[in-house]
Amino acid sequence: SLIYGGTFRQFLYPSADAALYTLNNNSQLSLKLGERSTLNLNYGYLRPYGGMPVGFRLDQTGSNNNLSLNLNRETRKGRLSLVTGYDIQRAQGEVLTGGKKNPWQNMAIQATLRPSDAIQTRFTTAYDINSGKLIDLTNRSRWRYGDSFGLDLGLRYDPRTGRLAQATETLSSWVFSRRTRIGVGSSYNGFTKKFDYKNLALSHRYHDYEISISYLDQPFGFRTEKGFNIGIRLLAFPAPQSTTSGRFGTAIDTGMGEIF
């Protein structure tokens, strides 16, 4: 299928003998490769022509001329995607900053596996086509067993420095019975070789109320915190479950990503 959208706009200024023409085009070509694979090719073009009086604001400024490619294959137990792009305008040398053109966008490859509803894992890599170098490797894994056990692990490796850049984990589990739950969270920074945060929370439900105690060590960030927090809440009133975060919140690695 082919989806096309384009506009041509003309702006006239009564106080000047100048006129600005804007040509805008967005096209998408979608191909279905078999029953489970799709290929999407997108093209975007924006170019102003003419003069523009000082102080006049337009709804679109600047110019671009680029292509993007998206390839996806999905099955019941897995998904594979590839995304990249090419800047035609930069390749032609129409850049204000000078230096290398580097028209290619990083190629991102993502493979997601789901052997069962309880286990999911996702591998992501970023490759710089311009320099021919691998710049990022990440893995995110998730284990679930009903609401009794949950574990999330996130790993990020930096090929340029040859070290583990980030390791993040979050654990939530019952202890002895459904009334007692433990939560553990931590994030290790491979560059500073220190933990960005470490926390532990233990909560127990009684008939009408819940008591929780948590420990947090968050030495970095705008607000640091280290110590214990004790909380009591009535179950009759709606409130979020006890977490391992402190009073000021805890940093979350954005690389954890979506759930497949």
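Position 1 is the first residue of the sequence; numbering continues from there.
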Item to check | Sub-4.5 Å side-chain heavy-atom contact between F191 and T161 | outcome: yes
Checklist entry - Are a donor atom and an acceptor atom from the side chains of Y43 and N65 found within less than 3.5 Å of each other? => result yes
Checklist entry - Tell me, do K77 and P115 make a side-chain contact under 4.5 Å, heavy atoms counted? => result no
Checklist entry - Should the pair E74-R36 be classified as a salt bridge under the 4.0 Å nitrogen-to-oxygen rule? => result no
Next on the checklist: What verdict does the side-chain hydrogen bond (donor to acceptor under 3.5 Å, both in side chains) test give for T112 and R122, after you've listed the backbone C-alpha separation in whole Å, the side-chain angles of each residue and the deciding distance to 0.1 Å?
Outcome noted: CA-CA 4 Å; T112 305; R122 190 192 70 227; 5.1 Å; no
Item to check | N40, L39, L41 screened by side chain to side chain contact (heavy atoms under 4.5 Å, CB included) with L31, the one that passes | outcome: L39
Next on the checklist: Would you compute the distance between atom OG1 of T84 and atom CG of L69 and round it to the nearest 0.5 angstrom?
Outcome noted: 7.0 Å
Next on the checklist: Using 0.5 Å steps for rounding, measure from the CH2 atom of W143 to the CZ atom of F149.
Outcome noted: 8.5 Å
Checklist outcome for this item: Residues R90 and N102: closest non-hydrogen pair is CD-O, 3.3 Å
Checklist entry - With a 4.5 Å limit on heavy-atom distance, are the side chains of K194 and N189 in contact? => result no
Checklist entry - Of the non-hydrogen atoms in Y197 and G185, which two are nearest, and what is the gap between them? => result CE1-C, 4.0 Å
Item to check | Non-hydrogen side-chain atoms of F228 and L216 separated by less than 4.5 Å | outcome: no
Checklist entry - Could you state the interatomic distance from CZ (F123) to CG (L155), rounded to the nearest 0.5 Å? => result 9.5 Å
Item to check | Single-linkage hydrophobic cluster F176~L171, side-chain heavy atoms < 4.5 angstrom | outcome: yes
Next on the checklist: Test side-chain contact (heavy atoms from CB on, under 4.5 Å) on H204 and T180; report intermediate values, then the result.
Outcome noted: CA-CA 4 Å; H204 183 78; T180 306; 2.5 Å; yes
Checklist outcome for this item: Value for CG (N229) from OH (Y215), rounded to nearest 0.5 Å, stands at 11.5 Å
Checklist entry - Stepwise, does the side-chain hydrogen bond (donor to acceptor under 3.5 Å, both in side chains) test hold for N70 with S68? => result CA-CA 7 Å; N70 188 327; S68 64; over 6 Å; no
Checklist entry - What do the steps show when you test L235 against R205 for side-chain contact (heavy atoms from CB on, under 4.5 Å), and what is the final call? => result CA-CA 9 Å; L235 299 178; R205 286 192 175 190; 4.0 Å; yes
Next on the checklist: Applying side-chain hydrogen bond (donor to acceptor under 3.5 Å, both in side chains), can you list everything that pairs with S81, at least two apart in sequence or on another chain?
Outcome noted: none
Item to check | D152: which of Q120, R142, R144 passes side chain to side chain donor-acceptor pair (under 3.5 Å) | outcome: R144
Next on the checklist: I want to check something: taking the side chain as every heavy atom from C-beta on, are R156 and L137 in contact at a cut-off of under 4.5 Å?
Outcome noted: no
Next on the checklist: Can you classify the ring geometry of Y209 versus Y206 as parallel (below 30°), tilted (30 to 60°) or perpendicular (above 60°)?
Outcome noted: parallel
Next on the checklist: If hydrophobic residues (ILVMFWY) are linked whenever their side-chain heavy atoms come closer than 4.5 Å, directly or via other members, who joins I135 in its cluster?
Outcome noted: none
Item to check | Closest non-hydrogen atom pair, K133 against Y127 | outcome: O-CD1, 3.5 Å
Checklist entry - For T121, does its backbone N or O pair with a side-chain atom of R114 as donor and acceptor, under 3.5 Å? => result no
Checklist entry - Hey, does the side chain of T125 reach the backbone of D136 with a donor-acceptor pair shorter than 3.5 angstrom? => result yes
Checklist entry - Closest heavy-atom contact between D196 and Q166? => result OD2-NE2, 3.4 Å
Item to check | 4.5 Å side-chain heavy-atom contact, V83 and M107 | outcome: no
Next on the checklist: I'd like to know if the side chain of S148 and the backbone of Y145 have a donor-acceptor N/O pair within less than 3.5 Å.
Outcome noted: yes
Checklist entry - Listed by chain and number, what are the side-chain contact (heavy atoms from CB on, under 4.5 Å) partners of F195, not counting sequence neighbours? => result S186, Y188, K198
Checklist entry - Under 4.5 Å between any side-chain heavy atoms of I129 and Y86, yes or no? => result no
Next on the checklist: Can you give me the closest heavy-atom contact between D147 and R181, atom names plus distance?
Outcome noted: O-NH2, 2.5 Å
Checklist outcome for this item: For L134 and P159 the tightest heavy-atom approach is O-CB, 3.5 Å
Checklist entry - If you measure from CD1 on I109 to CG on L82, what distance do you get to the nearest 0.5 Å? => result 5.0 Å
Item to check | Test log, rule side-chain contact (heavy atoms from CB on, under 4.5 Å), inputs T124 and Q110 | outcome: CA-CA 4 Å; T124 305; Q110 184 180 102; 3.6 Å; yes
Checklist entry - Does L67 reach the side chain of I88, with side-chain heavy atoms less than 4.5 Å apart? => result yes
Checklist outcome for this item: When rounded to the nearest 0.5 Å, the distance separating NZ of K226 from CG of N199 is 13.5 Å
